[in-house]
**Student:** 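Sending over a structure as structure tokens; questions will come in a sec.
Note that the coordinates shown come from a computational prediction; the quantities given were computed from them, not determined experimentally. Just so we're on the same page: letters track the sequence lines, and every chain starts at 1.
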Amino acid sequence: MVALQETVERVKRIDVDQYRYGFETLIDSEKAPKGLSEETVKFISQKKNEPAWMLQWRLEAYRRWLTMTEPTWARVNYPKIDFQDIYYYAAPKPKKTVSSLDEIDPEILKTYEKLGIPLREVAMLEGIEPKVGEQDPAQRKIAVDAVFDSVSVATTFKAELKKAGVIFMPISEAIREHPELVQKYLGSVVPTSDNFYATLNSAVFSDGSFVYVPPGVRCPMELSTYFRINERNTGQFERTLIIADKGSYVSYLEGCTAPQRDENQLHAAVVELVALDDAEIKYSTVQNWYPGNSEGKGGIYNFVTKRGDCRGNHSKISWTQVETGSAITWKYPSCILRGDNSRGEFYSIAISNGFQQVDSGTKMIHLGKNTSSRIISKGIAAGKSQNTYRGLVTAHRKATGARNFTACDSLLIGDKCGAHTVPYIEAKNSSATFEHEATTSKISEDVLFYCVQRGLSQEEAVGLVVNGFVKQVLQRLPMEFAVEAQKLIAISLDGSVG
Amino acid sequence: MMHFRGQIRMALLEIRDLHVGVEDREIIRGLHLSVHAGEVHAIMGPNGSGKSTLSHVIAGKPGYEVTDGQILFKGEDLLEMEPDERAAKGVFLAFQYPVEIPGVTTMNFLRAALNARRKARNQQEFSTPAFLKRVREVAGSLNIPQDMIKRGVNVGFSGGEKKRNEILQMALFEPGLCILDEIDSGLDIDALRIVASGINALRSPERAMIVITHYRRLLEHIVPDIVHVMSKGRVMKSGGKELALELEACGYAQFEDAA
Ligand SMILES: Nc1ncnc2c1ncn2[C@@H]1O[C@H](COP(=O)(O)OP(=O)(O)OP(=O)(O)O)[C@@H](O)[C@H]1O
Ligand SMILES: [Mg+2]
């Protein structure tokens, strides 16, 4: 098992996308025509071999989307997006191959180095192939091993999950293989009409993950590990659906600490979670999309709708996120506390540096009796970035005994950045108790000097202090991932002082 | 490194005609100080005379403007170095007011700092068991309970505990020059004895110490080779340990007049 664990450790850092497509049948046409129309939606559905009901669902969403306008309430600024100037379907391409490490952006290499990813893995991550005639047999072997290992490890995982009865597959497959489950739950948390980006996603989503955990089953592994090995290029419109049936438990981890670039500037994902009676879902995200260059050009626009429905009594949904990337983040993982005694949690670290704009937070909607929620948000702004926490806590008339605790702390590094807290609190019954605490502080010069006097570099010092600031949230992440996230946080703040 | 007999012994720390200003106000006004390896110097002087400022400037704290003069450490120009470089070279400052770092355990902090210093000197990182053993040993000798090390750096520590934590770091980092800024303030009698014996244990022929204090009592425990009286940004008088006695009897007034 030690060997297996090592392999897992090694392979999970490796994006095997680049190898995967070798095993798939090629599709004739690679791209849908530019722009969005009913034809595009039909094209996508056809490419995915979808049943008629799915196409109908997409088309309804598309027609709905035509009637909607882009939201403007968030504290983010960006040039108007021309939705007709985007490709909505492109067959995933294998990564561009380069033949040596020299051809890779030195900035990216530096990041890998700081994350502690060895260079031979970097070679694989970046898809380096030796030039013809100068094949490096050692490197070849590594690459082959990696594919080999990941396939065998994945197979072991698959067998284990199957034994437990857990369904875990790309949503495109689930639509074909488990239509009854998908039809029952898809759009039941984030309806097709929910908001501009979610509706767009419903019409054109490319792929994503599907998880179903049967009653009473505790998912035998962090779905993170498996997921990261099998991570797919889900494209810019990702769709994820996770259902925890009665009394079940699942922990799911999305994302990657390694820097991720994408040609597509607009990303609009939708994630839906459903927890039935006594079930618990823990959903963790580490997001490190390309934030744009030092002048603020380029970078991903990340407009995500994530929502969990605590549908059953005594159910629990917990969101943990570490947001370091993207030029613009617009993201509010939320919980609908429908079942009596259900509980929602939101633990967030949002870091902005350079010209990044983050508007993120959560919504806790208390509908059931004795529901409780907890929000711990740590915002860190450096450079010329703007970092906004936006949170909504509401208690419905029937939500007697609802309780919420919110703590929002912001840390400023330098004096050209901004942190903002925008809480909305609404209690429609008098038995609700909502507590809200907020602090904003600047990173202290004296603390930094204390650290560098002990021998830490300025950057290490900032990393250390910031990691202390976010510790409460980091602790929520799966163990091995927390270590990577910790390094990532330090890296994201590079060059923010001094 | 061995010194050849007959060669003039270079000072470990050599400060020449130092002038330092803060926000257009001159605080250090032509200070000379020469400290050799193996020596312990005490600096005494009234509040506001510039003792902490001097220690900060040696350690490289930002916010001070050195308008004139030189600081050499082992013959190298300290003022050209970043503060972390100075630390790696062996300059250690025990702060008059140690800061709190929430969420960072003392253990993690010590490890990060120690490894950063070793990295700067191209040394291997400490192995975890060796590191833990070393920390436990030193902490034990300073009467620092284990649970204190597991807490955030100085968070919720009493004044005396913070000072002991400074000495713990000093012992672990084995610096060449130790500057102790009012290490005795806030210590009860027993803690003073423990801290002083911790410091004395670190006295060695290769190491020098500058002990800043207001009280002769500390100097009874840590007996200095030389005592300096500082006033208004200058060293007004230097002498043997008996100078501390004289000061206690007569106060600083005689030196201030001269300034
Ligand atoms: N950052 C600063 N800005 C303005 N004035 C400063 C600053 N730092 C020090 N000073 C001033 O410089 C003078 C010397 O201060 P310093 O802290 O060095 O004195 P000290 O000798 O250590 O005093 P004490 O015995 O009270 O610790 C004081 O008048 C102090 O107000
Ligand atoms: Mg002082």
**Student:** Nearest 0.5 Å, what's the CG-CG distance between A:Asn467 and B:Asn108?
**Tutor:** 9.5 Å
**Student:** Of all heavy-atom pairs between B:Ala87 and A:Val452, which one has the smallest distance, and what is that distance?
**Tutor:**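 Closest approach of B:Ala87 to A:Val452, heavy atoms only: CB-O, 3.8 Å.
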**Student:** When only pairs under 4.5 Å are counted, which of B:Leu110, B:Val91, B:Thr105, B:Val99 shares the most heavy-atom pairs with chain A?
**Tutor:**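 Looking at each of B:Leu110, B:Val91, B:Thr105, B:Val99 in turn, B:Val99 comes out on top.
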**Student:** What's the verdict on side chain to side chain contact (heavy atoms under 4.5 Å, CB included) for A:Gln453 and B:Ile179, showing C-alpha distance, side-chain angles and the deciding distance?
**Tutor:** CA-CA 12 Å; A:Gln453 208 303 300; B:Ile179 307 167; over 6 Å; no
**Student:** Can you find a pair of side-chain heavy atoms, one from B:Phe109 and one from A:Tyr450, that are under 4.5 Å apart?
**Tutor:** yes
**Student:** Is it the backbone or the side chain of B:Phe92 that comes under 4.5 Å from a heavy atom of chain A, or both, or neither?
**Tutor:** both
**Student:** What part of B:Glu82 gets within 4.5 angstrom of chain A, counting heavy atoms only: side chain, backbone, both, or neither?
**Tutor:**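 No part of it gets close to chain A.
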**Student:** Got more than 12 heavy atoms from elsewhere within 6.0 Å of NZ, B:Lys61?
**Tutor:** yes
**Student:** Could you go through B:Phe95 and A:Phe449, starting from their C-alpha distance and side-chain angles, then the distance that decides it, and tell me whether this counts as ring-ring contact (aromatic ring centres under 6.0 Å, His included)?
**Tutor:** CA-CA 11 Å; B:Phe95 287 86; A:Phe449 180 63; 5.8 Å; yes
**Student:** Given heavy-atom pairs under 4.5 angstrom as the criterion, report whether the side chain, backbone, both or neither of B:Ala59 touches chain A.
**Tutor:**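 Its backbone and side chain both get close to chain A.
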**Student:** Checking B:Pro98 against chain A: side chain, backbone, both or neither under 4.5 Å from a heavy atom?
**Tutor:** both
**Student:** With a 4.5 angstrom heavy-atom cut-off, could you sort out which part of B:Pro102 is near chain A: side chain, backbone, both or neither?
**Tutor:** backbone
**Student:** Quick one: which of A:Glu445, A:Arg454, A:Glu460 has the most heavy-atom pairs under 4.5 Å with chain B, could you say?
**Tutor:**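 Counting heavy-atom pairs under 4.5 Å, the top option is A:Arg454.
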**Student:** For B:Ala116 and A:Gly455, which heavy atoms make the closest approach, and how far apart are they?
**Tutor:**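 Scanning both residues completely, I find the closest heavy atoms to be CB-O, 3.4 Å.
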**Student:** Are any non-hydrogen side-chain atoms of B:Pro62 and A:Leu448 less than 4.5 angstrom apart?
**Tutor:** no
**Student:** Is A:Phe469 in contact with chain B via its backbone, its side chain, both, or neither, using a 4.5 Å heavy-atom distance?
**Tutor:** backbone
**Student:** How long is the span from the CD atom in B:Glu85 to the OG atom in A:Ser457, to the nearest 0.5 Å?
**Tutor:** 11.0 Å
**Student:** Please say whether more than 12 non-hydrogen atoms of neighbouring residues, nucleotides or ligands are located less than 6.0 Å from CD in B:Gln124.
**Tutor:** no
**Student:** Hey, could you give me the CG/NE2 distance between A:Asp446 and B:His56, rounded to the nearest 0.5 Å?
**Tutor:** 7.5 Å
**Student:** Counting only heavy atoms from other residues, nucleotides and ligands, does the tally under 6.0 Å from NZ of B:Lys162 exceed 12?
**Tutor:**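 More than 12 within 6.0 Å, yes.
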**Student:** Which region of B:Lys119, side chain (C-beta onward) or backbone (N, CA, C, O), has a non-hydrogen atom less than 4.5 Å from a non-hydrogen atom of chain A, or is it both or neither?
**Tutor:** side chain
**Student:** Is it the side chain or the backbone of B:Ile101 that comes within 4.5 Å of chain A heavy atoms, both, or neither?
**Tutor:**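 Only the side chain of B:Ile101 comes within 4.5 Å of chain A.
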